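In what follows, every heavy atom counts, from backbone to side chain, and hydrogens, waters and symmetry copies are set aside. Just so we're clear, the structure is a prediction, and the values are computed from it rather than from any experiment. Naming: A, B, ... by sequence-line order, numbering from 1 per chain.
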There are 2 protein chains.
Amino acid sequence: MTLAEENYLKAIYHLENQSSNDVSTNALAEEMQTKASSVTDMIKKLAEKNMVSYIPYQGVSLSKAGRAYAVKVVRKHRLWEVFLLEKLNFSWDEVHDVAEQLEHIKSEKLTDKLDEFLGFPKVDPHGDPIPDKDGNFEKIDKTSLADAKEGSTYLCVGVDDSSNDFLKYLDANHISLGTTIKIIHKEPFDNSVKIKFNNVELVVSENVAKNLFLTAV
Amino acid sequence: MTLAEENYLKAIYHLENQSSNDVSTNALAEEMQTKASSVTDMIKKLAEKNMVSYIPYQGVSLSKAGRAYAVKVVRKHRLWEVFLLEKLNFSWDEVHDVAEQLEHIKSEKLTDKLDEFLGFPKVDPHGDPIPDKDGNFEKIDKTSLADAKEGSTYLCVGVDDSSNDFLKYLDANHISLGTTIKIIHKEPFDNSVKIKFNNVELVVSENVAKNLFLTAV
DNA sequence: AAGATTATTTAGATTTGTCTAAACTTTTAA
DNA sequence: TTAAAAGTTTAGACAAATCTAAATAATCTT
Ligand SMILES: [Mn+2]
Ligand SMILES: [Mn+2]
Ligand SMILES: [Mn+2]
Ligand SMILES: [Mn+2]
């Protein structure tokens with residue numbers, strides 16, 4: 001598997017987790033920041049290698065082998081993120097970009113020894129689950145702040161890791177994984193949410209609310 | 001700089017350190033396990049980027065920028081080797097191949113934080129010096145066992161890291177960096193050497209003697 | 001100082017991953 | 001239920017890195 005192929009498998013994996021339908025060429029092009037025609041070419045190659053099943057015009061989905069491969073890459077990505085944060089004192093907004101490179105290092109021994117060195121962590125710095133050696137992981141039960149109930153209290157268990165600016169915003173406002181958050185008020189007009197945590201009240205935009213993941217306490 | 005370009009710079013760097021002459025196309029092809037024609041193509045590209053100076057038919061040498069870049073790659077390679085050995089308990093014959101991949105990760109912050117995490121090591125697991133952030137390193141004073149004087153006592157300070165089998169041989173015979181070695185006898189017939197260390201005597205072949213580096217005590 | 005040998009470069013192909021523009025399917029909506 | 005719009009694939013091109021075969025330059029050898 002080349003670097004490009006690995007990135008496509010990972011992208012298909014993420015998109016499959018978002019919508020349950022087959023992944024469309026355009027969605028994949030958007031995710032990969034490339035053109036639909038490039039995607040079609042790559043899909044054909046992955047289908048040739050039995051990593052995906054593909055019907056022209058109908059979209060693509062991972063085969064068993066393809067999913068297993070994607071999970072391995074995700075495992076490496078998240079383990080490296082933990083390493084960068086815990087051992088090298090990176091901040092949670094810095095780890096993703098470097099992990100994008102490290103996830104492609106090919107050495108099963110390295111991955112497993114790293115896992116052991118880190119104490120077999122179950123989640124990465126953004127609250128995403130880390131698959132074990134066999135590809136198994138627990139699905140984390142979470143709802144976004146945007147879907148939370150007024151008056152209820154939650155624990156912050158995850159964040160969307162795709163925007164560094166969002167993570168810096170959370171840092172600036174002292175919100176992190178493990179923060180207990182009470183929903184004071186949901187404003188129907190703009191879908192902003194007033195929350196309270198650590199005895200501070202804060203109004204966050206809909207955009208923030210959608211990217212912050214909680215679990216009921 | 002692409003992965004291929006980085007590997008060429010590193011190869012030129014290593015060959016320059018071995019012979020002081022300009023590096024020939026064939027030597028580079030041998031080092032890179034590729035064809036001379038491929039080397040010519042790549043040299044032209046590196047010359048275009050001012051990483052090497054190149055006169056057709058006369059060989060190639062690193063420019064200041066090219067050497068600085070090569071040293072950075074070498075720094076990363078050796079730091080990762082230390083990481084793998086010290087933190088992940090790899091053996092010294094396993095670290096090189098994985099470091100060949102890790103040395104291409106592009107993040108100055110990662111490199112410097114890793115350096116700090118490891119306690120700013122001065123040498124890698126094979127006794128080779130690790131350049132600091134600015135590319136400076138001390139040249140290590142060493143002679144090969146093949147050039148050592150009969151009757152003298154030395155300290156083992158380095159090994160040629162290019163053969164895993166050689167490193168495993170040293171492990172099997174309990175020779176490692178820091179081992180004190182006395183030269184008992186040099187056999188002119190086959191250039192084998194009888195040495196004594198830890199109260200054991202051992203005859204090693206010329207091949208072994210050439211790849212084991214010592215410093216006088 | 002040729003002539004032969006060795007070293008190096010050029011010419012022309014190939015693979016991977018990408019692109020634009022054009023053609024073709026599927027979906028939407030009148 | 002057909003025409004327009006949206007989505008997707010094909011055709012043809014390009015850059016990177018490699019190869020083989022042929023041409024050219026440098027170096028040995030007698
Ligand atoms: Mn990430
Ligand atoms: Mn993450
Ligand atoms: Mn090495
Ligand atoms: Mn080494």
Indicate, with a heavy-atom threshold strictly under 4.0 Å, whether A/Ala4 touches base, sugar-phosphate, or nothing.
sugar-phosphate
Between B/Tyr8 and B/Ser38, is there a side-chain heavy-atom distance shorter than 4.5 Å?
yes
Result for 5'-nearest mapping on DNA chain C, choosing between B/Gly59 and A/Gln33, is B/Gly59
Take the protein atom CE of B/Met42 and the nucleotide atom P of D/dA15, then report the distance between them rounded to whole Å.
16 Å
Could you tell me whether the phosphate oxygens of D/dA6, OP1 or OP2, come under 4.0 Å of any side-chain nitrogen or oxygen in A/Asn26?
no
Length of the CE-C1' vector between B/Met32 and C/dT8, whole Å
18 Å
Side-chain contact check for B/Asp41: nearest option of D/dC19, D/dT10, C/dT8 is D/dC19
In plain terms, say whether B/Lys10 and B/Glu100 are close enough for a salt bridge, that is, a side-chain N and a carboxylate O under 4.0 Å apart.
yes
Does B/His96 have its ring centroid less than 6.0 Å away from the ring centroid of B/His77?
yes
Given atom CD of B/Glu48 and atom P of D/dA15, what is their separation to the nearest angstrom?
14 Å
Tell me the interatomic distance from B/Ile43, atom CD1, to D/dA16, atom P, rounded to whole angstroms.
17 Å
It should be established whether B/Thr40 places a side-chain nitrogen or oxygen under 4.0 Å from OP1 or OP2 of nucleotide C/dT10.
no
To the nearest Å, give me how far apart CE (B/Met1) and P (D/dA15) are.
18 Å
OP1 or OP2 of C/dT10 less than 4.0 angstrom from a side-chain nitrogen or oxygen of B/Lys44, does that happen here?
yes
Treat primed atoms plus P, OP1 and OP2 as sugar-phosphate and everything else as base, then score nucleotides 20-26 of chain D 5' to 3': B for base contact with protein heavy atoms under 4.0 Å, S for sugar-phosphate contact only, - for none.
B---BSS
Short side-chain N/O contact from B/Tyr8 to OP1 or OP2 of D/dA16, under 4.0 Å:
no
Mind calculating the distance between CD1 (B/Ile55) and P (C/dT8) to the nearest angstrom?
14 Å
Closest heavy-atom contact between A/Pro129 and A/Glu138?
CB-O, 3.5 Å
One thing to verify: whether B/Glu103 and B/Arg78 come together as a salt bridge, which I'm taking to mean a side-chain N less than 4.0 angstrom from a carboxylate O.
no
State which residue, out of A/Arg75, A/Lys133, A/Lys122, fulfils the salt bridge (charged side-chain N to carboxylate O under 4.0 Å, His left out) condition with A/Asp115.
A/Arg75
Separation of C/dT15 atom C1' from A/Leu3 atom CG, nearest Å, is 16 Å
For A/Leu28 and D/dT8, give me the distance from atom CG to atom C1', rounded to whole Å.
13 Å
What pair of heavy atoms forms the shortest contact from A/Asp160 to A/Phe166, and how long is it?
O-CD2, 3.7 Å
